[in-house]
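This report refers to the structure that appears directly beneath it.
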Amino acid sequence: MSIDKREVSAIEADPIADPGLPAHQPRPTDTDEYLEKRAERQVATLFGLSTLFVILFCVSYFVFKIGDDPTEILGFGASNVALGGCLGLALLCIGVGMIQWARKLMSDHEIVEFRHPGSSSDEDRTETVAILQTGLEESGIGRRPLIRNSLLGAMGALGIVAILPLRDLGPLPGDKLNHTVWKKGMRVVQDVGGNPIKPADMEIGQLVNGEPAVFFEEKDGEPIYDGVALQVQKAKAAVVIVKMQPDDITPWPGRENWGVDGILCYSKICTHVGCPISLWEQQTHHLLCPCHQSTFDLADNGKVIFGPAARHLPQLPLALDDEGYLIATSDFTEAVGPSFWERDTIKTGE
Amino acid sequence: MSRTESVARTNGTKASKAAKPNKVGAAAEWADDRLGLATLAKKNLRKVFPDHWSFMLGEIALWSFIVLLLTGVFLTLWFRPSMVEVVYDGSYSQLRGIKMSEAYASSLHLSFDVRGGLLMRQMHHWAAMVFIAAMMVHLLRVFFTGAFRKPRELNWVIGSLLLLLGTLEGFTGYSLPDDLLSGTGIRAADGFMKSMPVVGTYMSFFLFGGEFPGDSIIPRLYTIHVLLIPGILLALIGAHMLLLVYHKHTQWPGPGRTEQNVVGYPMLPVYMAKAGGFFFVVFGVLGLMGALLTINPVWRFGPYNPAEVTAGSQPDWYMGWPDGALRIMPNWETHLWNNWTLSWNVFLPIIVLPGLMFTIVMMLPFLEQWITGDKREHHLLERPRNAPSRTGLMVALMTFYAILWMAGGNDILAIKLKLSINQITYFNRAAVFIGPVIAFFITRRWCISLQRADNDKLLHGLESGVIMRDAQGGYTEKHIPLPVDKAYTLTARARDEVYVPDSEADENGVNAPGARLNKLRSRFSRLWYGDNIQKPTKAELEEGHHHAELEEAHDAPLEGHAADGHQFDGRHDIEDEHLSRQHD
Ligand code: HEM
Ligand code: FES
């Protein structure tokens with residue numbers, strides 16, 4: 001290591017030499033006793049005010065109600081505003097007081113401290129290197145590669161102990177992402193209330209948020225899907241049902257009979273990163289995702305017409321059951337939601 | 001060893017000391033007998049800290065971090081990181097009877113049924129925003145003033161890590177209440193993870209403990225949020241401060257302020273009072289914000305439901321720029337042998353880009369050092385204008401950030417500006433590449449002209465605004481010479497040295513190792529410094545002053561004439577002068 005690398009840059013005296021630190025200017029509070037006393041009183045007043053605000057804080061804590069019937073002032077929750085206001089002002093008074101004290105009354109003589117090179121001296125460096133060298137030699141690590149290599153191997157192997165136990169963080173994906181609870185014959189119901197849907201109930205241009213009927217079914221008095229299990233299934237099985245003019249729909253080959261009277265059903269989960277899609281434009285048959293504005297054409301097989309999503313919305317094939325309610329004729333034919341590495345990429349029609 | 005000797009000597013002195021000076025002395029003695037800290041304290045208690053408003057930015061970050069620790073601990077006393085489903089029966093009537101996770105219910109409990117709970121939640125959230133914003137502005141200040149240069153590169157790296165971890169900490173915290181908005185954020189994060197080639201699906205299943213959303217994500221994020229990241233942050237902040245003390249603070253050049261010294265106020269008492277007082281100020285302002293400004297009113301969003309979303313979903317502002325990148329990315333996806341999917345549309349903007357940007361920011365000091373070949377230590381700050389390319393580079397990065405950030409609000413922009421979202425997206429796609437380049441060149445030019453203006457001031461003095469008409473009817477503007485302090489401060493900077501390869505032999509020997517690299521480097525160096533204006537030399541300065549003297553000589557005949565206004569030419573004492581009312 002050459003010395004010049006440790007050089008500290010310096011400002012040359014060209015074109016103007018350093019005139020040196022200007023002389024200290026006394027502050028008004030240094031020379032005028034009245035001002036000094038006044039500053040002292042100001043600081044003490046601020047500290048006193050702080051205590052006052054703490055007392056007010058305590059009073060507010062007990063006086064203002066929260067909960068069922070909160071005390072309100074001008075539409076604000078009184079408790080929050082009073083507690084926060086008093087706390088904030090109490091703290092500010094201390095802070096401003098301290099700063100004022102430092103600026104007005106504490107010595108304001110600037111001090112000059114010299115810098116020393118951050119690095120160690122050359123002797124120290126040489127000595128340290130020598131010590132390291134001696135240590136290494138005494139351990140014999142260089143001369144005994146067998147020991148060194150087996151130790152490195154052992155340490156590396158130990159890394160497995162740090163990683164492997166994390167295995168039980170979660171199950172393997174398997175093909176879970178490829179399936180939902182939809183299956184042949186399952187009714188498509190409204191997401192609120194769980195009522196089944198008849199084609200005649202829907203008007204042209206209408207969009208209904210739907211879910212599989214199983215979410216509302218019970219077995220032995222217990223819901224079949226509940227709590228977390230319900231959330232997991234909902235995150236994949238949520239759908240939208242739309243009714244359009246049958247003439248406007250241009251199904252891909254094989255999808256001609258996936259609809260009933262111009263009613264089609266699509267996954268509600270955006271194929272970009274998975275937001276539920278909600279913004280429906282009747283006139284254009286466009287469904288817009290509020291997260292990053294991917295837009296899908298529901299009259300054209302859920303094709304992406306704008307935005308960062310790369311895949312069409314999966315479509316759920318529909319039919320009617322004996323009682324004339326909408327049912328699915330199978331599960332989705334492809335994975336719903338965001339893309340993933342293993343996703344089956346045989347694309348229908350596109 | 002000398003160690004024992006010195007201990008023995010100290011013991012001796014202490015034992016023979018009869019009278020204890022005073023209470024402070026006694027306490028210090030008690031502590032030192034056990035801890036032996038006097039030597040360290042002696043050096044540091046009067047440590048000098050230079051003063052400048054911009055040095056406060058880092059302090060804001062530090063103090064808001066402390067506020068985060070304090071308010072965060074309060075929140076943990078009530079918050080329950082559990083996704084078990086409960087039926088809400090708390091005070092907020094609109095949600096009573098609704099099924100939700102325990103996490104959400106406990107956030108509602110904190111907001112409505114714990115006195116001061118809402119205040120602490122709001123202060124915590126505001127402090128998080130201030131923390132991250134202050135870190136960013138602090139980073140800019142450090143870069144623009146060249147404070148990252150040797151020997152402070154490692155502190156720059158630590159600082160960048162702090163920003164990264166702070167952002168992650170903010171995201172995990174934002175996710176905890178498990179409301180509809182934060183749940184949508186987690187849903188997107190799941191999509192981000194799944195976009196990673198090969199490992200994505202596994203990462204997602206391991207993090208969520210199975211399929212999204214599962215019942216593990218909130219408890220796991222909680223551990224990360226209150227233990228893992230704060231622990232690392234604390235350690236890094238400690239290291240950041242230690243290095244700061246060790247290197248001593250940089251300072252602005254000026255009379256008496258050199259590369260070899262630090263001029264300022266001592267730690268005890270002035271700096272401690274000012275910095276300590278500032279802690280209370282930051283804390284107090286955050287208290288007022290928590291009192292008066294609603295933030296993240298989770299009760300309005302409702303519990304998370306994977307089938308619902310609110311329109312205009314947006315993450316906290318510091319996550320806005322990757323979100324913008326996500327929005328303007330073309331929808332590219334590659335299908336490999338019809339079996340695997342590579343989602344460029346997600347993977348590039350949200351996984352690769354932030355990682356890349358972070359790496360670039362972290363490497364900036366090393367990049368500049370490589371280009372300039374400047375391996376010296378620097379303790380004096382540089383004005384942004386005196387490093388035009390550096391300043392331009394950061395403004396380019398800021399422009400990049402700003403455009404992506406704007407793109408993150410493209411739906412809001414579209415509504416506000418009545419434009420179509422398609423137009424905005426196409427505009428942003430181009431702007432994100434072109435904008436930074438334009439910003440770089442404009443900034444660089446701007447800096448250089450500011451440098452030129454500085455030189456003019458040095459050579460000709462300040463423009464006084466006094467226009468003189470001479471006997472021939474010509475007009476000249478009076479210039480006031482700069483006071484020497486100001487003039488010195490303007491010139492207190494090094495002249496730029498363009499890097500030239502070490503030995504000329506390298507130039508011919510193409511095969512010489514590193515020669516080609518060095519050539520590239522000298523080309524970069526020339527670009528980096530090329531058009532900078534250097535400060536005047538002594539000769540030039542004298543020439544300038546000579547010119548001023550001529551001007552004065554030219555005016556000399558006017559001396560003593562009652563030409564109203566001439567006394568305000570900067571060369572005369574004007575304490576008792578007034579312009580006469582009447583001109584006749
Ligand atoms: C750099 C540090 C930190 C940042 C940036 C941060 C950020 C956040 C944010 C943005 C929230 C959402 C707040 C809301 O609106 O509800 C949050 C929640 C929370 N944070 Fe932090 N935090 C930090 C440190 C801590 C620490 C150190 C703790 C505890 C020791 C903590 C405990 C909590 C808890 C319990 C919640 C959930 C409270 C609730 O929303 O009901 N945080 N954090
Ligand atoms: S999640 Fe729908 S566009 Fe991104």
Side-chain angles (χ1 to χ4, degrees), chain A residues 5 7-11 14-16 19-22 61 66-68 80-81 83-85 87-88 91-92 94-95 98-99 101-102 106 110-115 118 169-171 173 176 227-228 231-232 234-235 238 273-276 278 290-293 308-310 338-341 343 345, chain B residues 48 85 91 113 116 118-119 151 187-188 191 194 197 200-201 205-206 209-213 215 255-256 259-263 266 269-270 273-274 277 280-281 283-284 287-288 290-291 306-307 309 311 313 327 329 331 333 335 338 341 343 345 375-378 421 484 487-488 491-492 538 541:
Chain A
K5 277 204 176 162
E7 195 189 331
V8 177
S9 69
I11 307 279
D14 172 42
I16 302 175
L21 265 190
Y61 188 86
I66 60 164
D68 254 346
N80 188 59
V81 172
L83 290 179
L87 173 67
L91 292 164
L92 274 175
I94 294 187
M98 281 169 77
I99 293 172
W101 181 10
M106 288 182 189
E110 286 191 311
I111 293 186
V112 181
E113 193 176 47
F114 285 91
R115 289 183 191 277
L169 275 175
K176 292 194 193 73
V228 171
Q231 297 278 70
V232 168
K234 229 193 232 180
V273 293
C275 281
S278 58
C291 285
H292 315 100
Q293 290 81 42
S339 280
F340 49 95
W341 174 249
R343 180 159 163 169
T345 55
Chain B
V48 166
E85 196 175 73
S91 291
D113 296 301
L118 177 61
L119 177 67
R187 168 88 248 203
K194 284 183 176 151
T201 320
F205 270 68
F206 288 171
E211 272 187 275
F212 173 88
D215 60 359
E259 288 281 7
Q260 280 76 29
N261 70 11
V262 210
V263 182
V270 178
K274 276 192 182 173
F280 287 98
V281 170
F283 203 167
L288 291 181
V309 70
S313 280
R327 288 175 189 220
M329 180 74 192
N331 62 346
E333 191 173 89
H335 300 267
N338 270 347
T341 304
S343 309
N345 57 338
K375 295 267 174 1
R376 296 166 305 171
E377 287 194 7
H378 294 274
I421 207 141
V484 68
Y488 171 70
T491 60
K538 211 171 210 143
L541 204 63

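Reminder, nothing fancy here: chain letters follow the sequence lines and each chain counts from 1.
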Which value, rounded to the nearest 0.5 Å, describes the distance between [X] atom [atom1] and [Y] atom [atom2]?
| X | Y | atom1 | atom2 | answer |
| --- | --- | --- | --- | --- |
| B/Glu333 | A/Arg343 | CD | CZ | 7.0 Å |
| A/Trp101 | A/Met106 | CH2 | CE | 4.5 Å |
| B/Leu118 | A/Ile66 | CG | CD1 | 9.0 Å |
| A/Glu113 | B/Asn261 | CD | CG | 9.5 Å |
| A/Ile94 | A/Ile99 | CD1 | CD1 | 12.0 Å |
| A/Leu83 | B/Leu119 | CG | CG | 6.5 Å |

Of the backbone (N, CA, C, O) and the side chain (C-beta and beyond), which part of [X] lies under 4.5 Å from a heavy atom of chain A, both, or neither?
| X | value |
| --- | --- |
| B/Glu85 | side chain |
| B/Thr201 | both |
| B/Leu541 | side chain |

What residue, out of [options], has the most heavy-atom pairs lying under 4.5 Å from chain B?
| options | answer |
| --- | --- |
| A/Ala102, A/Gly227, A/Pro15 | A/Pro15 |
| A/Ala238, A/Pro338, A/Gly85, A/Gly67 | A/Gly67 |
| A/Ala235, A/Gly170, A/Ser9 | A/Ser9 |

I need the residue from [options] with the largest number of non-hydrogen atom pairs under 4.5 Å to chain A.
| options | value |
| --- | --- |
| B/Ala307, B/Gly210, B/Ser343 | B/Ala307 |
| B/Asp113, B/Val270, B/Val263, B/Asn331 | B/Asn331 |
| B/Val281, B/Val262, B/Val48 | B/Val262 |
| B/Lys538, B/His378, B/Met329 | B/Lys538 |
| B/Pro213, B/Gly116, B/Gly200 | B/Pro213 |

Given heavy-atom pairs under 4.5 angstrom as the criterion, report whether the side chain, backbone, both or neither of [X] touches chain B.
| X | value |
| --- | --- |
| A/Gln231 | both |
| A/Val228 | side chain |
| A/Ala309 | backbone |

Next on the checklist: Could you check whether any side-chain heavy atom of A/Pro171 comes within less than 4.5 Å of a side-chain heavy atom of A/Lys176, counting everything from C-beta outward?
Outcome noted: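 SC-SC contact between A/Pro171 and A/Lys176 confirmed.
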Checklist entry - Can you check side chain to side chain contact (heavy atoms under 4.5 Å, CB included) on A/Val273 and A/His292, steps first, answer last? => result CA-CA 9 Å; A/Val273 293; A/His292 315 100; 3.6 Å; yes
Next on the checklist: Looking at B/Asp215 and B/Gly209, would you say the former's side chain and the latter's main chain have a donor-acceptor pair under 3.5 Å?
Outcome noted: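 Absent.
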